[in-house]
Amino acid sequence: QVHLVESGGGLVHPGGSLRLSCTASGITLDYYAMGWFRQAPGKGREGVLCIDGRDSTTYYADSAKGRFTISRDSAKNTVYLIMNSLKPEDTAIYYCAADFVNVSPQSYCSGDVSYNYFGPGTQVTVSS
């Protein structure tokens with residue numbers, strides 16, 4: 001059975017940084033397409049950053065460009081979302097997602113194609 005679990009969320013001041021982790025069990029994340037999504041209260045789910053598992057082509061939402069990056073640790077079977085220069089509007093529940101099928105990361109982030117696996121999410125609150 002496949003599980004993705006996010007961690008690392010919390011309360012951070014504007015301008016601060018956080019590193020979210022997504023650890024998998026039941027699958028090995030190497031070569032999996034991965035994505036990070038978020039959902040703020042009263043809003044729809046937004047694809048923040050999606051990466052191709054074969055060549056690491058990455059799609060960034062406009063809201064993430066220049067501030068968010070992704071990295072993998074194969075030994076820990078974990079993918080990270082590194083967020084810098086956080087703003088109050090980044091407040092949301094953040095979810096990681098994975099799929100063995102690699103298509104355009106933009107297609108995944110836009111919702112045209114759905115990942116097969118999602119984690120339960122971790123809350124990020126940016127507030128002074």
Side-chain angles (χ1 to χ4, degrees):
Q1 198 166 3
V2 178
H3 292 285
L4 301 178
V5 178
E6 303 91 343
S7 61
L11 174 65
V12 62
H13 293 307
S17 298
L18 274 179
R19 187 182 74 167
L20 304 184
S21 302
C22 174
T23 300
S25 60
I27 56 173
T28 301
L29 291 179
D30 290 351
Y31 307 115
Y32 266 69
M34 299 294 302
W36 284 94
F37 293 78
R38 67 186 183 186
Q39 188 162 17
K43 296 188 177 181
R45 189 172 66 187
E46 175 191 11
V48 173
L49 186 159
C50 296
I51 186 169
D52 188 292
R54 298 162 301 179
D55 61 11
S56 296
T57 299
T58 306
Y59 170 82
Y60 298 86
D62 287 344
S63 58
K65 289 178 182 176
R67 300 190 301 130
F68 294 2
T69 60
I70 191 170
S71 67
R72 295 178 186 257
D73 185 333
S74 297
K76 295 182 178 179
N77 207 27
T78 297
V79 172
Y80 302 99
L81 177 66
I82 299 149
M83 305 186 292
N84 298 311
S85 302
L86 284 162
K87 306 173 183 179
E89 51 264 44
D90 294 318
T91 296
I93 299 174
Y94 283 72
Y95 304 88
C96 68
D99 202 298
F100 188 70
V101 177
N102 282 279
V103 297
S104 160
Q106 184 172 359
S107 295
Y108 273 124
C109 261
S110 69
D112 288 343
V113 179
S114 180
Y115 287 98
N116 200 20
Y117 307 113
F118 278 86
T122 185
Q123 176 71 48
V124 171
T125 302
V126 185
S127 175
S128 55

Determine whether Ile70 and Tyr32 fall in the same hydrophobic cluster, where Ile, Leu, Val, Met, Phe, Trp and Tyr are linked whenever their side-chain heavy atoms lie under 4.5 Å apart. yes

Spatial distance of atom OH (Tyr80) from atom CG (Leu18) [nearest 0.5 Å]: 14.5 Å

State, to 0.1 Å, how close Pro120 and Val5 come at their nearest heavy-atom pair, and which atoms those are. CD-CA, 4.3 Å

Could you tell me which non-hydrogen atom of Val101 sits nearest to which non-hydrogen atom of Ala33, and how far apart they are? O-CB, 3.8 Å

What heavy-atom pair brings Glu6 and Gly121 nearest, and what distance separates the two atoms? OE1-N, 2.7 Å

Under the side-chain contact (heavy atoms from CB on, under 4.5 Å) test against Leu81, which residue among Thr122, Leu49, Val124 passes? Leu49

Is the backbone of Arg19 close enough, under 3.5 Å, to the side chain of Ser21 for a donor and an acceptor to pair up by distance? no

Would you check if Ser56 and Ile51 make a side-chain contact, meaning some heavy-atom pair closer than 4.5 Å? yes

According to a 4.5 Å side-chain heavy-atom criterion applied to Ile, Leu, Val, Met, Phe, Trp and Tyr, with indirect links allowed, do Phe118 and Val103 form part of one hydrophobic cluster? yes

Same cluster for Val48 and Val126 if Ile/Leu/Val/Met/Phe/Trp/Tyr side chains link at under 4.5 Å? yes

Say whether, by atom type as modelled, one donor and one acceptor occur between the side chain of Asp99 and the main chain of Asn116 under 3.5 angstrom. yes

Parallel, tilted or perpendicular: which one describes the rings of Phe37 and Tyr115, with boundaries at 30° and 60°? perpendicular

Hydrophobic cluster membership, Phe100 vs Val79, 4.5 Å side-chain cutoff: yes

Give a yes or no on whether the backbone of Ser104 and the side-chain of Asp52 come within a donor-acceptor separation of less than 3.5 Å. no

Nearest 0.5 Å, please: how far is CZ in Arg72 from SG in Cys22? 10.0 Å

Scanning both residues in full, the closest heavy-atom pair of Gly26 with Val2 reads O-CG2, 4.1 Å

Can you find a heavy atom in the side chain of Ser127 that is under 4.5 Å from one in the side chain of Leu11? yes

For Thr23 and Thr78, test the side chains for any donor-to-acceptor distance below 3.5 angstrom and give the result as yes or no. yes

Spacing of CZ belonging to Arg67 relative to CD1 belonging to Ile82, to within rounding of 0.5 Å: 14.0 Å

Per the salt bridge (charged side-chain N to carboxylate O under 4.0 Å, His left out) rule, what does the pair list look like for residues 30-41, sequence neighbours excluded? Arg38-Glu46, Arg38-Asp90

Could you tell me which non-hydrogen atom of Ser85 sits nearest to which non-hydrogen atom of Ser17, and how far apart they are? N-OG, 4.3 Å

Non-hydrogen atoms of Ala98 and Met34 that approach each other most closely: CB-SD, 3.4 Å

Roughly how far, to the nearest 0.5 Å, is the OG atom of Ser63 from the NZ atom of Lys65? 9.5 Å

Between Gln106 and Tyr59 (side chain of the first, backbone of the second, donor and acceptor by atom type, cut-off under 3.5 Å), is there such a pair? no

Going from CG on Leu20 to CH2 on Trp36, what distance comes out if it is rounded to the nearest 0.5 angstrom? 5.0 Å

Atom pair CD (Gln39) and OH (Tyr95), whose distance is rounded to the nearest 0.5 Å: 5.5 Å

